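As the structure is a computational prediction, the values presented were derived from the model and not from experiment.
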Amino acid sequence: MSRWKGLPAELDPSTRNLVVRLRRLKDHSGLSLRQLAARTGYSTSSWERYLGGRSLPPREAVEALVSVTGEDPTRLLAVWEVAAEAWNGRTATAPAAPVAGALRAGAPAGEQDQGQAPEPAAETGRAGSIGLVDPVGPACAGAEPARGRAFHVAVAAGVVAVALTASAVVVLAGRVGAEDVRGTAAPPASSAAPATVSPPPDLPAYTCRVERIDGLWYAGQSTTRDAILANGYAGPEVAEAQCLLSRAGYSPGDIDGIFGPVTERAVKRLQAEADLVVDGIVGPHTWGALRG
């Protein structure tokens, strides 16, 4: 089982769940990142970003990984759709990259926003990629002068801004009118509750059934005594550890089978009390403290 780095703390739970599942598939395949890149057509650096939670993998990349491992794609694609909604909702308000920056680097605008290197040609040809911006200047045959092009761009941007402002005024007026009919004031636009993302439909439900058998504690999720667990792992073994941590008085957070920062802190507190190496990783010695 690979030793993965912890995922970014600000990562949305649905995206975190997708990345954890992708990591698990990659571990089960036994492929290195270089081999995975060769088998899927996506570069090694791309998979490093996808499996590190820094970029949302495109649907085609998820399908390619599932094809390599021979798994049923239905559930994982459902998880990807939920993660994509959350990711798009997070990035919709991000400021656009300057056009000049995109022209200088000759890369998709999405890569400019994140300060990352452009994707290889094998990826930019896939569905969903952003095309390059046409060069501007007299060097292009048949192209209009840069000043004329800039004028048209400015006019188009002004028209779009006016249209957006008019739409916002209409929506706000409708909301205020509806509130007046009910006799209450309309709430400020900034107080609207953020959209919530429903959890993936196939997340397993873990219920702790703690009992003592032959002098050892078990919680009904796994009987392992030597599985290595660390931040970023997921599965029934993680749920077993969470149940036993809770039984011992070290709250791991939700019993969701996902090894996150809260579970890691609970493991470190247990290790400190049991005079073990405090590394936040569940191994044979920590399992002994949990089951003993």
Side-chain angles (χ1 to χ4, degrees), residues 1-9 11 13 15-33 35-36 47 50-53 65-66 68-72 75-76 79 199-200 202-292:
M1 186 176 290
S2 301
R3 292 289 298 276
W4 296 100
K5 293 182 179 180
L7 295 172
L11 200 63
T15 308
R16 179 182 297 273
N17 178 51
L18 172 65
V19 175
V20 168
R21 288 171 180 269
L22 294 177
R23 286 180 171 185
R24 194 187 310 170
L25 281 181
K26 189 268 181 188
D27 288 340
H28 289 172
S29 71
L31 299 174
S32 66
L33 286 177
Q35 293 170 331
L36 185 62
W47 280 115
Y50 301 157
L51 298 175
L65 176 59
V66 172
V68 167
T69 58
E71 298 288 336
D72 180 10
R75 290 187 173 183
L76 188 59
V79 174
D202 60 335
L203 280 179
Y206 296 105
T207 301
C208 297
R209 297 184 295 274
V210 179
E211 57 181 340
R212 196 167 180 82
I213 303 175
D214 296 333
L216 298 177
W217 290 104
Y218 295 91
Q221 308 301 329
S222 172
T223 60
T224 182
R225 298 177 62 182
D226 56 5
I228 305 298
L229 306 176
N231 195 339
Y233 286 28
E237 293 83 3
V238 176
E240 178 80 6
Q242 289 174 330
C243 289
L244 296 180
L245 284 167
S246 180
R247 183 211 67 81
Y250 306 97
S251 175
D254 295 334
I255 309 299
D256 54 7
I258 299 176
F259 200 122
V262 178
T263 300
E264 183 179 30
R265 287 195 294 270
V267 170
K268 288 182 177 180
R269 291 197 299 270
L270 169 70
Q271 291 172 333
E273 291 291 335
D275 291 330
L276 301 175
V277 175
V278 181
D279 56 6
I281 300 174
V282 177
H285 295 295
T286 304
W287 280 115
L290 288 170
R291 297 203 183 279

Closest non-hydrogen atom pair, G53 against P8: O-CG, 4.2 Å
Contact summary for A227 and E237, nearest pair of heavy atoms: CB-CG, 4.4 Å
Intermediate values then yes/no, side chain to side chain contact (heavy atoms under 4.5 Å, CB included), W4 and D27: CA-CA 10 Å; W4 296 100; D27 288 340; 3.1 Å; yes
Closest heavy-atom pair and its distance - S251, A266: O-CB, 3.5 Å
Heavy-atom closest contact (R23 atom, G52 atom, distance): NH2-CA, 4.1 Å
Side chain to side chain contact (heavy atoms under 4.5 Å, CB included) between W287 and E240, intermediate numbers included: CA-CA 10 Å; W287 280 115; E240 178 80 6; 4.0 Å; yes
Residues W47, K26; criterion side chain to side chain contact (heavy atoms under 4.5 Å, CB included); working and verdict: CA-CA 10 Å; W47 280 115; K26 189 268 181 188; over 6 Å; no
Side chains of H28 and T69 in contact at under 4.5 Å (non-hydrogen atoms): no
Interatomic spacing from CD in E71 to OG in S29 - rounded to 0.5 Å: 10.0 Å
Derivation of the side chain to side chain contact (heavy atoms under 4.5 Å, CB included) call for R265 and V262: CA-CA 5 Å; R265 287 195 294 270; V262 178; 3.4 Å; yes
Nearest heavy atoms of I228 and P284, plus distance in Å: CD1-CD, 3.9 Å
Rounded distance [0.5 Å steps], CD in E264 versus CG in N231: 4.5 Å
Min side-chain heavy-atom separation L229-T263 under 4.5 Å: no
Candidate list L290, V282, I255, test side chain to side chain contact (heavy atoms under 4.5 Å, CB included), partner L245, passing option: L290
Minimum-distance pair of heavy atoms, taken over all atoms of F259 and V267: CZ-CG2, 4.1 Å
Test side chain to side chain contact (heavy atoms under 4.5 Å, CB included) applied to H285 and L276, D226, V277, the passing residue: L276
Donor-acceptor pair between D254 and Q242 side chains, under 3.5 angstrom: no
Matching residue for L25 among V66, L31, L36, V68 - test: side chain to side chain contact (heavy atoms under 4.5 Å, CB included): V66
Close side-chain approach of L7 to V20, heavy-atom, < 4.5 Å: yes
Spacing of I258 atom CD1 and R21 atom CZ [to the nearest 0.5 Å]: 8.0 Å
Heavy atoms of other groups near R225 CZ, more than 12 under 6.0 Å: no
Minimum side-chain heavy-atom gap N17-V19 below 4.5 Å: no
Main-chain N/O of L244 paired with R291 side-chain donor or acceptor, under 3.5 Å: no
Donor-acceptor contact below 3.5 Å, side chain Q271 vs main chain D279: yes
